[in-house]
**Q** 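Take a look at the following structure, please.
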Amino acid sequence: MLKVGVIGTGMIGRDHIRRMTRVLAGVAVTAVTDVDVEAAKNVADRLPGTVVHGSGEELIADPGVDAVAICSWGPTHEQYVLAAIAAGKQVFCEKPLATTEEACRRIVQAEVAHGRRLVQVGYMRRYDAAYRALKAVVSSGTIGTPLMMHCAHRNPSVPAYYEKESAITDTAVHEIDMVRWLFGEEVTAVQVLVPKKSRNGDTLQDPLFFLLELAGGALIDVEISVNIRYGYDIRGEVIGENGTAALGDLSPVTVRSDGTLAVPIPTDWRQRFLQAYDVEIQEWIDSIAAGGPPLGPSAWDGYAAAVVSDAGVTALRTGQRVEVSLMPRPALYEVVS
Ligand code: NAD
Ligand code: ISE
């Protein structure tokens with residue numbers, strides 16, 4: 001039984017604790033912590049035997065914790081990932097790995113110095129059945145060489161910690177990771193186009209068009225809308241030389257009634273990616289039980305996404321096209337995940 005300690009008992013922390021305690025196999029949540037002590041206590045009260053720690057560092061040092069899940073806000077990830085690496089413990093870090101290129105580079109360097117892969121990053125779209133089916137079609141050659149992809153990333157609303165640049169660093173970072181994985185190529189340049197502002201967006205610049213250029217010449221456009229009210233809607237369509245392939249409509253039910261054809265739309269990411277998170281965390285648990293390394297998105301993938309995300313932030317601030325360049329990939333990450 002893998003004993004996991006969870007740092008951050010907010011929305012996704014509680015959701016991962018629910019799946020680790022009620023859905024998945026081979027795992028127990030033995031410790032939790034949160035800067036909001038009451039939030040951590042509320043969670044632990046419903047989990048007999050689970051310890052509440054006063055800090056993430058204390059939780060990581062706990063001998064009753066074999067592996068760590070970091071579910072706190074992005075800017076806090078680096079300190080905990082580095083502490084887990086220093087303790088030699090496997091660590092699942094929710095996306096983003098860290099919010100800047102420099103922070104991710106320090107994590108990569110620490111893991112390389114440790115000499116063994118310990119870090120997995122929570123880019124769960126790689127585990128989603130629809131994205132996996134889309135990748136299989138593209139890889140099969142059925143639509144010919146992929147030339148473009150249209151994406152939409154729509155949230156009905158976003159949390160209080162969300163800032164103007166979070167549209168790139170917290171939201172579009174999923175598309176950054178997804179296209180690297182789906183096309184098997186790095187992003188070489190980005191641009192951000194700013195359309196008329198939504199009145200739902202408050203202080204945010206919402207929506208945005210994010211454009212990514214890939215090493216092989218394909219172009220990706222991502223519409224980012226984070227206050228669109230009607231639902232959580234994730235779309236993607238790859239345009240090939242001879243055809244197209246798109247994510248399907250994911251609702252298991254279609255209702256015909258009263259002269260209307262209706263398909264329910266998820267209300268948030270927990271619904272839309274429910275199974276993907278289950279598969280992601282179960283595979284992480286199983287890889288650790290098998291002696292590691294973790295097989296999912298690595299610290300290198302987290303670093304690469306952060307470099308592109310930093311470029312996106314610069315593009316948003318300046319209105320310019322910004323080129324992306326990665327440091328040489330260390331040998332530890334040569335097996336592409
Ligand atoms: P949230 O605000 O609901 O929860 C974050 C929790 O972390 C809060 O309870 C907060 O008190 C706690 N926290 C903040 N700083 C801390 C610190 N230094 N130490 C310990 N606890 C701390 O936010 P959320 O929506 O759960 O997001 C958390 C992380 O998960 C973010 O990095 C976010 O990008 C990521 N996330 C990923 C997905 C996904 O689809 N993979 C979905 C949602 C959130
Ligand atoms: C959130 O942190 C997530 O990761 C969700 O998957 C994403 O859709 C949302 O925009 C982010 O804020």
Side-chain angles (χ1 to χ4, degrees), residues 95 121 123-154 168 171-193 195 207-225 232-252 254 263 265-266 269 272-273 275-276 279-280 283 295-298 300-309 311-312 315 321-326 329 333-337:
K95 47 65 56 177
V121 188
Y123 285 116
M124 78 299 179
R125 291 189 183 190
R126 298 179 182 216
Y127 299 87
D128 178 64
Y131 274 110
R132 284 185 167 184
L134 182 62
K135 183 170 165 64
V137 171
V138 172
S139 307
S140 72
T142 310
I143 63 168
T145 301
L147 307 174
M148 294 185 285
M149 182 170 185
H150 304 303
C151 306
H153 191 152
R154 300 183 187 146
I168 308 289
T171 296
V173 75
H174 280 291
E175 273 78 14
I176 295 172
D177 180 69
M178 181 274 294
V179 297
R180 292 183 61 250
W181 165 79
L182 195 134
F183 283 77
E185 289 173 18
E186 295 297 352
V187 176
T188 52
V190 298
Q191 287 177 72
V192 177
L193 302 182
L208 292 176
F209 267 121
F210 187 35
L211 305 176
L212 300 101
E213 298 173 29
L214 298 188
L219 289 182
I220 318 295
D221 63 82
V222 187
E223 170 217 314
I224 311 162
S225 297
Y232 185 78
D233 205 0
I234 302 297
R235 307 171 78 139
E237 181 179 28
V238 179
I239 316 301
E241 286 170 312
N242 309 319
T244 72
L247 298 172
D249 271 327
L250 291 159
S251 173
T254 304
V263 180
I265 297 170
W269 37 268
R272 167 62 185 83
F273 289 108
Q275 274 99 19
V279 177
E280 170 191 50
E283 287 192 9
L295 303 173
S298 65
W300 174 261
D301 293 313
Y303 159 80
V307 178
V308 180
S309 161
R321 173 179 175 276
V322 179
E323 295 197 352
V324 172
S325 112
L326 302 180
R329 189 202 305 242
Y333 307 106
E334 258 159 26
V335 178
V336 179
S337 53

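The figures that follow rest on heavy atoms only: side chains count, while hydrogens, waters and symmetry mates do not. Predicted, not measured: the structure shown is a model, and the values here were computed from it.
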**Q** Could you tell me whether R125 and D177 have a side-chain N and a carboxylate O separated by less than 4.0 Å?
**A** no

**Q** Taking side chain as C-beta onward, heavy atoms only, is V222 less than 4.5 Å from V179?
**A** no

**Q** Could you give the distance from CG (N242) to CG (L147), rounded to the nearest 0.5 Å?
**A** 9.0 Å

**Q** Over all heavy atoms of both residues, which pair between L134 and A245 is shortest? Give the atoms and the distance, please.
**A** CD1-O, 3.3 Å

**Q** Roughly how far apart are T171 OG1 and K95 NZ, rounded to 0.5 Å?
**A** 6.0 Å

**Q** Check whether any side-chain N or O of E241 sits under 3.5 Å from a backbone N or O of T145 as a donor-acceptor pair, and report yes or no.
**A** yes

**Q** Out of E186, E185, E175, which residue meets the salt bridge (charged side-chain N to carboxylate O under 4.0 Å, His left out) rule with R180?
**A** E186

**Q** With no hydrogens and no angle check, do the side chains of Y232 and R272 hold a donor and an acceptor under 3.5 Å apart?
**A** no

**Q** Could you tabulate the donor-acceptor pairs under 3.5 Å formed by side-chain atoms of residues 209-216, not counting sequence neighbours?
**A**
unit_1: E213; atom_1: OE1; unit_2: R321; atom_2: NH2; d: 3.0
unit_1: E213; atom_1: OE2; unit_2: R321; atom_2: NE; d: 2.8

**Q** Any side-chain heavy atom of Y123 sitting closer than 4.5 Å to one from V173?
**A** yes

**Q** Are the side chains of Y303 and L326 in touch, meaning some heavy atoms are under 4.5 Å apart?
**A** yes

**Q** Can you name the closest pair of heavy atoms from A305 and I176 and give their distance?
**A** CA-CG2, 3.8 Å

**Q** For a quick test of reading the model, state the closest non-hydrogen atom pair linking P146 to V138 and the distance between them.
**A** CG-CG1, 3.7 Å

**Q** Can you name the closest pair of heavy atoms from I143 and V137 and give their distance?
**A** CG2-CG1, 4.4 Å

**Q** Could you tell me whether the side chain of H153 reaches within less than 4.5 Å of the side chain of M178, counting heavy atoms only?
**A** no

**Q** Please check this pair: side chain of R132 against backbone of R126, looking for a donor-acceptor N/O pair closer than 3.5 Å.
**A** yes

**Q** Do V192 and I168 have side chains that get closer than 4.5 Å, going by heavy atoms?
**A** yes

**Q** Among all residues two or more places apart in sequence or in another chain, which pass the side-chain contact (heavy atoms from CB on, under 4.5 Å) test with A276?
**A** M124, Y127, D128, F273

**Q** Just checking R235: does its CZ atom have more than 12 heavy atoms from other residues, nucleotides or ligands closer to it than 6.0 angstrom?
**A** no

**Q** Cut-off 3.5 Å, side chains only: do S225 and E223 have a donor facing an acceptor?
**A** yes

**Q** Would you please test W181 and Y131 for side-chain contact (heavy atoms from CB on, under 4.5 Å) and show each step?
**A** CA-CA 10 Å; W181 165 79; Y131 274 110; 4.0 Å; yes

**Q** Working to the nearest 0.5 angstrom, can you tell me the gap between H150 NE2 and L219 CG?
**A** 10.5 Å

